Amino acid sequence: MKLANLTGQRFKERPADCVVDSHALMLRGGFMKYVGNGIYSEFPALRRITSKIENIIRKEMNAIDGQEVLFPVVLPASLWEESGRYKSVGNELVRFKDRNGSNHVLGMTHEEAAVQLVREYAQSYTKYPFMIYQVQRKFRDEARPRAGMIRVREFTMKDAYSFHTSQEDLDKYYELCFQAYNRIFQKAGVPQVITVKSDSGMMGGSVSHEYMLLTPAGEDSIVICDECGYRSNMEAAENKVINNEGIEEELKCVETPGCKTIQDVCAFLKSDVLSSCKAVVYQKNSDDKFVVAFVRGDYEVNETKLKNIVGEEIHTAVITADDCLNAGYIGPYNFPEEAQFYLDISLKGIKSLVAGANKEGYHYTGLNLERDLENVNYVDISKVKEGGICPCCGRQSITIKRGIEVGNIFQLGTKYTKTMDMRYTDENGKTNYPVMGCYGIGIGRLAASICEECHDEYGPVWPITIAPWEVHICCLRADDEETKKTADGLYNSLLNDGIEVIYDDRKTRPGEMFSDADLIGVPIRVIVSPRNLKESCVEITTRDKSIKEMVPVEKAAGYIKDLRLKLFAEIESHVEAYKQETM
RNA sequence: CGGCGUGUGGCUCAGUUUGGCAGAGCGCUGCGUUCGGGACGCAGAAGCCGCAGGUUCGAAUCCUGUCACGCCGACCA
């Protein structure tokens, strides 16, 4: 491929809206083009990358007996009504009517389609286990797309669905898939991807893991224990707190004029924030009833955990003067009957708390929950803090990092097979519901994440396994006959050997060529120029600058082929090294 | 859905306060000089100033409405 013919314009200036580097570089490098909110087209350079990622994934899925299928993008609503998700999923599911007025959805995930595809086929236990997967576009009407291709509304995803006759069999296959995923991310050149425990969300099921690429640009918080290796998404992370019990005191109602935040109150009363009780107010989506979460003053509420305990969707409350709650002065003692509250474990055992009095301008001091309230129950609804206690090993060794979720695996159980009535007959002639697992990887997001992880100030540094091309030839001074001839010769020789080459023979200045080469990010670069040819050499470098070598013209093709193999081998060695990793 | 912000050639942005010929740099086209990190000169093309309405002799600029986009939050396999 000649660079002169490559569709997609590169440009110098960083677009104003880009907050993450991968977004800016993928636009500047002519990899993709903005079409609409959370919607992008891929230029050839990116399409080549995503194809390679897809093929790495296909190979690994096939290796664990996956069979590639293709589900439709448009699905009849009736299918989603079977599983109950036509109603239960929010606005991210696009619903529309066809010309006859019947309801349809745009596929945002394909559990229903997968069950629909195989439920007649798999009526006998002899057909199990099996896994089907597809690589296909999805549309999710996300509330807030961001960060270029990292969070979009339309995207390509590999989604796989496995079917089993027992939980044990699913466990076994889940482990296989877990390892296959590890190999995929190694092969894609991002050994930095780690697995974490996660909240299962709307997918249902129990066991689930997320694959996270740790990077400050990530949108998830990951809780990591440096001592024992415990890793969890913040959403699912168990909080462990040790409290200083303090000295028991008498319950007193004191005036705290204008003190609306916990900091104000503690400063005013000269009390420790560690023995204060903070209220965070939510409302149920269904009936707007108030749900108050009480946590120790220095903790934050983990809304995912709270939601799971409440058992339904909640949102941040809007409190007006007419409501039963007195904003800024809410406390668990004398709590209004119309509302509901939960006490976080971070409050457990404290003998003397400062808490709101549910009365404008007043707080209690000396509150002892177990003494002053009836039926005290503590639940885990707070966020883990940096430097906190590891729920696994108990040491004070928690760090919190940001990560991008590039893949996930779920054990679905029988949620879909039951609701959609998929059954099989076992060897005893008994009817059963198969157990399912599902496994996803976002292709475009992975490409963007790799760019985010592997780039410098000039552009991406693509790992050779997914790079749009393997070799980039810059012919400096294409108007010089000998230079052009040498570069042409090298280009043709590499092409004949099946190497993927992008060839820049434009009659343009060297500076522009180098900048473009950096922006495209091909791992091996060859510079053919009159200056190098004076020494009968070409210059061969790697995009990451680790290698810079003058190589005699006649040995260049061989050198390049060896270097290419070496780069592939480096990545393969990561895959080998990772084999030991366990769940 | 809430808060804040932005809409002006393909891109980055001035100009809006105080109404008076539609601007710059990059990019694009042509010619020339250059040639190892986006060089320079000359000539050119390219604009419904987001959209609609209003005020005014006159609106990119003021007013009203609306749409789109971005950031933060909420939400999210």
Side-chain angles (χ1 to χ4, degrees), chain A residues 8-20 23-24 27-28 30 33-39 83 85 88-93 107-112 114 138 140-148 151-153 155 157-161 198-205 208-210 219-220 233 235 282-283 285 303-304 307 313-318 405 407-412 415-416 436-442 445 457-459 474-480 483 506-519 525 527-534 539 541 548:
Chain A
Q9 192 184 27
R10 292 164 299 283
F11 52 91
K12 221 188 302 191
E13 275 162 304
R14 182 186 174 111
D17 305 333
C18 301
V19 292
V20 301
H23 185 195
L27 288 172
R28 287 185 52 213
K33 179 159 168 142
Y34 175 87
V35 180
N37 187 10
I39 302 174
S83 68
R85 287 207 293 188
S88 69
V89 174
N91 285 334
E92 62 270 24
L93 176 64
M108 56 180 286
T109 169
H110 283 83
E111 285 76 13
E112 287 84 355
K138 303 252 186 287
R140 293 181 189 178
D141 195 1
E142 294 280 355
R144 194 153 81 80
R146 61 176 288 275
R151 187 167 203 81
V152 289
R153 296 197 295 170
F155 55 97
M157 176 175 236
K158 185 285 297 177
D159 45 326
Y161 306 90
S198 64
D199 181 74
S200 305
M202 82 170 189
M203 296 302 301
S208 62
H209 286 82
E210 288 172 339
E219 46 191 359
D220 287 286
N233 193 315
E235 289 182 347
Y282 297 89
Q283 283 174 287
N285 283 12
E303 289 166 17
T304 304
K307 184 186 78 189
E313 296 294 324
I314 50 170
H315 63 271
T316 308
V318 183
E405 182 188 343
N408 57 32
I409 55 178
F410 283 88
Q411 293 200 0
L412 292 175
K415 173 175 167 167
Y416 295 93
M436 283 176 73
C438 83
Y439 319 88
I441 294 178
R445 179 184 282 185
E457 58 182 307
Y458 305 108
C474 294
C475 175
L476 268 55
R477 302 302 307 274
D479 55 344
D480 180 89
T483 310
R506 295 173 299 170
K507 293 185 176 60
T508 184
R509 293 176 54 82
E512 190 178 347
M513 284 191 166
F514 293 144
S515 299
D516 278 346
D518 286 342
L519 263 178
R525 185 178 310 172
I527 300 168
V528 185
S529 71
R531 199 171 89 181
N532 293 341
L533 285 181
K534 262 184 206 161
E539 185 179 329
T541 61
K548 187 179 163 119

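Note that the structure is a prediction, hence the values are computed from the model and not measured.
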Original post:
On a whole-Å scale, what distance lies between the C1' atoms belonging to A39(B) and A45(B)?
Top reply: 23 Å
Taking atom types as modelled, is there a side-chain donor on E539(A) or T541(A) under 3.5 Å from an acceptor on the other? no
The contact string for nucleotides 34-43 of chain B, one letter per nucleotide 5' to 3', using protein heavy atoms under 4.0 Å with B, S and - for base, sugar-phosphate only and none, comes out as BBBBBB----
Practice task
Spell out, as yes or no, whether a donor-acceptor pair under 3.5 Å connects the side chain of N532(A) to the backbone of I527(A).
Solution key: yes
For the side chain of E13(A) and the base of G25(B), is some donor closer than 3.5 Å to an acceptor across the two? yes
By side-chain hydrogen bond (donor to acceptor under 3.5 Å, both in side chains), R153(A) pairs with (sequence neighbours left out) D141(A)
Each nucleotide of nucleotides 66-72 of chain B classed B (base within 4.0 Å of a protein heavy atom), S (only sugar-phosphate) or -, in 5' to 3' order, makes ---SSSB
To the nearest angstrom, the CG-C1' distance between D141(A) and C75(B) comes to 12 Å
request  = Step through the shown structure and confirm whether more than 12 heavy atoms of other residues, nucleotides or ligands are within 6.0 Å of OH on Y458(A).
outcome  = no
Taken in chain and number order and not counting sequence neighbours, the residues that satisfy ring pair (Phe, Tyr, Trp, His ring centres under 6.0 Å) with H110(A) are F71(A)
Hits for ring pair (Phe, Tyr, Trp, His ring centres under 6.0 Å) against Y34(A), two or more places apart or cross-chain, chain-then-number order -> Y40(A)
Given protein heavy atoms under 4.0 Å, the one-letter contact record of nucleotides 5-10 of chain B, with B base, S sugar-phosphate only and - none, is simply ------
For G9(B) and A60(B), measure between their P atoms and round to the nearest Å.
14 Å
